[in-house]
Amino acid sequence: MLDIKFIKEKLEQVKKNIKDRNMVADADLVVKLYDLKNSIQQKLDTLRQQRNENAAKMKGKLEHAVREVLIAEGKKLKEEISKLEKDFEEKEKEYKIAMMDIPNMAHPEAPVGKEDKENLEVKHWGDIPQFTFQPKDHVELAESLDLVDFDTATKVSGTKFYYLKNEAVILEMALTRYVMDIIIKEGFTPFITPDVAKEEVAAGIGFNPRGDESNIYTIEGTGTCLVGTAEITLGGYYAGKTIDASKLPIKMAGLSHCFRREAGAAGQFSRGLYRVHQFSKIEMFIYCLPEKSDEMHQYIRSVEEKIFQGLGIPYRVVDTCTGDLGASAYRKYDLEAWMPGRGDFGEITSTSNCTDFQARRLGIKYKDENGTNYLHMLNGTAMALSRAMIALLENYQQEDGSVRIPEKLIPYTGFDRICPKK
RNA sequence: GGAGAGAUGGCCGAGAGGCCGAAGGCGCUUCCCUGCUAAGGAAGUAUACUGGUAACGGUAUCGGCGGUUCGAAUCCGCCUCUCUCCGCCA
């Protein structure tokens, strides 16, 4: 949510931003509804003032006739007030709905563009492996190494679910532990968060739990939904709180399952583990002072890079273009790992600086000697385990069909190679 | 899941239809006093929205929502949370 005063002041910028982001939202309507709502409120306040004054006149002893006149006046005011209150509530609701559609402003240096093709590559790390044989993709590898069972999962749970088996189970746990160790050393407090969140929390973070295009599973009749990411549970953690500035930045990291409907997502780039309905992920989250958020954003990105450099997985970093930002993000960097199976880069992490957009919706403020104000919130993937698994299997595959385990991971797995089953 | 008790400002705690945005205490801020410290005295000390250049006003907020009333922290209904006891479970 943006500050309404900002919208009124910079209306043209806000409208351009909506257009750059390739989104539909009516900033003019928001301003109109705000002014209307306000003028009703002013009338309402005046009437309430009259009601209060009228009631105050009746405090002591009064003659019956005098009292009767005042009561009649009070009744009249009461009626007017309740009528106007209804009107006000209606307009306020409309205003809030319209307001929720307005996306965050984009960073002035974020590339302007419509879709992910226009994202700007800003960095490249590692050498793309040169194979002396035809590399397999992770689905073939998982099959020959008996690591993932998609078919049975389809029968039991539906498409885009999977069972991890054998070394893949240990590998997922090893990756989790490897990431946790790095992140704890960086000063993040580790969490395992709930996998369920209230719909208003999800909406506050910027996920719309309702509607056909929603990527969120709702739980019928409970007002809750399955989380698509621990960003929701970590970002909801301080909802409604005011935090002392001396406590900032707050750095949290949460492991959760992530559930996504992925309606309509198909095609070869969605193959296998790449786009699934359920996966596990460790998410970083930072609450900080507004003037620190750009710096924190770079910091989260550097932690993400450290994690994948440690595994020796080649990647590039892209600065996400305006059309691909999502409603909450002011700026977003994605790490894309080299995936030999597809012969291209594939997204493995994403970090967003959401500035005070989520904080306004969730009511999260900081307090210092100048008073209270909304703080800034940032999130970033430490590791999406299913996608990391793809990058690992595909980049570390050997000619004999086995997969090597990166040096730094061996202490966590206890084995240095996954071999084909006989 | 069942029964009971409770929810008031930064904290403790009074308040039981109008004199209550809310006593008193603690804390905090400023000032006075005392050679330092401790003690003492005075004043101030919630948030949001809103009117006004400002001074200063207005409205709302006593867990939440709804109701009764001319008027609700106070009465009524529903909900949430906390505590105690019982049941059930990993």
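Reckoned from all heavy atoms, side chains included, excluding hydrogens, waters and symmetry mates. Chain letters run A, B, ... following the sequence lines, proteins first and then strands; every chain starts at 1.
Note: NZ (A:Lys43) to P (B:A60) measures 18 Å, nearest angstrom. Between A:Gln50 atom CD and B:C70 atom P the separation is 18 Å, expressed in whole Å. Rounding to whole angstrom units, CG of residue A:Leu44 and P of B:U61 are separated by 11 Å. Straight-line distance from the CD1 atom of A:Ile364 to the C1' atom of B:A48: 17 Å, rounded to whole Å. A:Arg51 has its CZ atom 9 Å from the C1' atom of B:U59, to the nearest Å. The distance from atom CZ of A:Arg48 to atom P of B:C49 is 16 Å, rounded to the nearest whole Å. Atom CG of A:Leu47 and atom P of B:U50 are 19 Å apart (whole Å). Between A:Leu70 atom CG and B:G18 atom C1' the separation is 13 Å, expressed in whole Å.
Backbone-only engagement by A:Lys5 is indicated by non-hydrogen atom pairs under 4.0 Å involving sugar-phosphate atoms exclusively. Residue contacts shown for A:Thr46 are absent, as no nucleic acid heavy atom lies under 4.0 Å away. Residue A:Arg67 is classed as a base contact, given a heavy-atom separation below 4.0 Å to a base.
RNA chain B lies under 4.0 Å from at least one heavy atom of each of the following residues of residues 27-42 of chain A: A:Tyr34, A:Asn38, A:Gln41, A:Gln42. Residues from residues 73-92 of chain A with heavy atoms under 4.0 angstrom of RNA chain B, sorted by number: A:Gly74, A:Lys75, A:Lys78.
Using a 4.0 Å cut-off between charged side-chain N and carboxylate O, A:Asp28 and A:Lys15 make a salt bridge. A salt bridge links A:Asp319 with A:Arg331; the closest basic N to acidic carboxylate O contact falls under 4.0 Å. Between A:Arg177 and A:Asp181 there is a salt bridge, since at least one side-chain N of the basic residue sits less than 4.0 Å from a carboxylate O of the acidic one. In this structure, A:Lys43 does not pair ionically with A:Glu80, as no charged nitrogen and carboxylate oxygen lie closer than 4.0 Å. Between A:Asp324 and A:Lys332, none of the side-chain N atoms (NZ, or NE/NH1/NH2) sits under 4.0 Å from a carboxylate O, so this pair counts as no salt bridge. Looking at A:Glu89 and A:Lys93, no side-chain N of the basic residue comes within less than 4.0 Å of a carboxylate O on the acidic one, giving no salt bridge. The pair A:Lys198-A:Glu200 fails the salt-bridge criterion, with no side-chain N (NZ, NE, NH1 or NH2) lying under 4.0 Å from an Asp/Glu carboxylate O.
Of all nucleotides listed (B:C70, B:A48, B:A60), B:A48 comes nearest to the side chain of A:Lys365. In this structure, of B:U50, B:A60, B:C70, it is B:A60 that holds the atom nearest to the side chain of A:Asn52.
The distance from the OH atom of A:Tyr333 to the CD1 atom of A:Ile300 is 11.5 Å, given to the nearest 0.5 Å. Atom CG in A:Leu385 sits 10.0 Å away from atom NZ in A:Lys281 (nearest 0.5 Å). Rounding to the nearest 0.5 Å places CG of A:Leu33 at 8.0 Å from NZ of A:Lys91.
Using a 4.5 Å heavy-atom threshold, the side chains of A:Leu11 and A:Ile7 count as touching. A:Thr176 is not listed as a side-chain neighbour of A:Tyr412, based on a closest heavy-atom distance of 4.5 Å or more.
If you take atom C1' in B:A23 and the same atom in B:C36, they sit 37 Å apart, rounded to whole Å. When the P atom is used for both B:C85 and B:U30, the distance is 47 Å, rounded to whole Å. For the C1' atoms, the distance from B:C75 to B:C62 is 16 Å, rounded to whole Å. The separation of B:C19 from B:C81, taken at their P atoms, amounts to 34 Å, rounded to a whole angstrom. Rounded to the nearest Å, the gap between the P atom of B:A16 and that of B:C11 is 23 Å. A gap of 8 Å separates the C1' atoms of B:G1 and B:C88, to the nearest Å. Atom P of B:G15 sits at a distance of 29 Å from the matching atom of B:G67, rounded to the whole Å. B:U45 sits 10 Å from B:A22 when the P atoms are compared, rounded to a whole Å.
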For RNA chain B, the dot-bracket pattern of Watson-Crick and G-U pairs whose distances stay under 3.5 Å, | for other-strand partners: ((((((((.[[[..)..(.....]]]((((((.......))))))((((((....)))))).[[[[[..)....]]]]])))))))....

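For A:Ile4 and A:Ala56, each mapped to the nucleotide of RNA chain B holding its nearest heavy atom, the one lying further toward the 5' end belongs to A:Ala56.
Remark: A:Arg360 is not in phosphate contact with B:A48, judged by side-chain N or O atoms under 4.0 Å from OP1 or OP2. A sub-4.0 Å separation between OP1 or OP2 of B:U47 and a side-chain N or O of A:Thr242 is absent.
Applying the ring pair (Phe, Tyr, Trp, His ring centres under 6.0 Å) test between A:Tyr238 and each of A:Tyr287, A:Tyr366, A:Phe285, A:Tyr374 identifies A:Tyr287 as the sole match.
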